[in-house]
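Reviewing the structure listed below.
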Number of protein chains: 2
Amino acid sequence: MAEPQCPECGRINEVLSRVGDRWSVLVVISLAQYGVLRFNALKRHLGISQRMLSLTLRELERDGLVSRTYHPTIPPKVEYALTPLGESFREPVKALGLWALEHLPAIDAARAEYDAAAEAEKKTA
Amino acid sequence: MAEPQCPECGRINEVLSRVGDRWSVLVVISLAQYGVLRFNALKRHLGISQRMLSLTLRELERDGLVSRTYHPTIPPKVEYALTPLGESFREPVKALGLWALEHLPAIDAARAEYDAAAEAEKKTA
DNA sequence: TATAGCCGGTCACAAATTTATACCAGCCTT
DNA sequence: AAGGCTGGTATAAATTTGTGACCGGCTATA
């Protein structure tokens, strides 16, 4: 892949490839909603595999969006919460989520139409 | 992967997995900025591979966010632009892009700190 | 007392996705 | 005649993602 002509695109790309994947977005949404969540609570809530949750949380922690607190109780607890940087990510993420929920029907309709047209095309050919 | 306990997460996940990947976001940002762009202009602008641009544009077209106009001139031209649905996606995407540009330094700093701590940890162990 | 389960992970492996590379046909410039 | 531009596609390699088993330490159930 060549370098982008547009340097901003490179930088946006860079940060989106870090925190822009859908698991990260969903983790941030969930933490924003509940404040604090434990590992397995997140896992059940999102329907994510242990491995991906583990990786996603470590990356989010590394990027400073999420804090990890280990409680050496019995049984041990690990709590995850948003940092101030993570909180600042809530706004754009919320906007994205709302748009997603609002326009999902329109997208589904567009998809169906496109697929129907493609199908008709195929029969013509 | 199990079903999510949270049905909203499932639906947000669904739509984000369609239009939430970073190439789609960057294409929308670019089209929002320039209005109309040709295939190779987008390619050079974003630094994306031909294949991924081709796939991304076809998905965006299928989901009704982008329109594709073929001009059978010599040499042939293919122009891409945002549809009204795509236009409505500008706002949340712009918020995301701005957040990305604004907080990239903070993320880089958090990363550096995390990595330094991990490095120190390793030496201790 | 065995057996099973929750806790927060990790490990090895398989499957899916992304990327790089080469190629296509048609026309234009050098 | 050689190479470049147009908008792509085909193939293969590299990377990312997901699956299932396993870990030690504890507890509740039968």
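We name chains A, B, ... by the order of the sequence lines, and we start the count at 1 in each one.
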Value in whole Å for how far the P atom of D/dG20 lies from CE of A/Met52:
16 Å
Using modelled atom types and a 3.5 Å cut-off, is there a donor and acceptor pairing between side-chain atoms of A/Thr83 and backbone atoms of A/Ser67?
no
Where the side chain of B/Trp99 meets the backbone of A/Ser88, is there a donor-acceptor pair that is under 3.5 Å apart?
yes
What is the distance from CG of A/Leu46 to P of D/dT17, rounded to the nearest Å?
15 Å
Tell me whether B/Asp108 is salt-bridged to A/Arg18, with the criterion being a basic N under 4.0 Å from an acidic carboxylate O.
yes
Nearest-angstrom distance from the residue atom CG of A/Asn13 to C1' of C/dT18:
12 Å
With sequence neighbours excluded, what pairs up with A/Arg68 under the side-chain hydrogen bond (donor to acceptor under 3.5 Å, both in side chains) test?
A/Tyr80
Decide if atom CD of A/Glu113 counts as having more than 12 heavy atoms of other residues, nucleotides or ligands within a radius under 6.0 Å.
no
The contact string for nucleotides 3-13 of chain D, one letter per nucleotide 5' to 3', using protein heavy atoms under 4.0 Å with B, S and - for base, sugar-phosphate only and none, comes out as ---SBBB----
Axis-to-axis angle between the two ends of the helix from C/dT1-D/dA30 to C/dT30-D/dA1 (five base pairs per end, rounded to 10 degrees)
10°
A/Asp21 CG to D/dT15 C1': how many Å, rounded?
14 Å
Closer than 3.5 angstrom, by distance alone: can the side chain of A/Thr56 be matched with the main-chain N or O of A/Ser24 as a donor-acceptor pair?
no
From CG of A/Leu55 across to P of D/dT16 the rounded distance in Å is 11 Å
Inspect the contact between A/Glu61 and A/Arg58 and indicate whether a charged nitrogen and a carboxylate oxygen are less than 4.0 angstrom apart.
no
Within this structure, what is the CD1-to-C1' distance between B/Ile48 and C/dA20, rounded to whole angstrom?
13 Å
Decide if the gap between the ring center of A/His45 and the ring center of A/Tyr34 is smaller than 6.0 angstrom.
yes
A/Arg18 atom CZ is separated from D/dT15 atom C1', nearest whole Å, by 17 Å
Tell me: CG of A/Leu16 to C1' of C/dT18, nearest whole Å?
16 Å
Distance check: side-chain N/O of B/Trp23 vs OP1/OP2 of C/dT18, anything under 4.0 Å?
no
With a 4.5 Å cut-off on side-chain heavy atoms, are A/Pro4 and A/Asn13 touching?
no
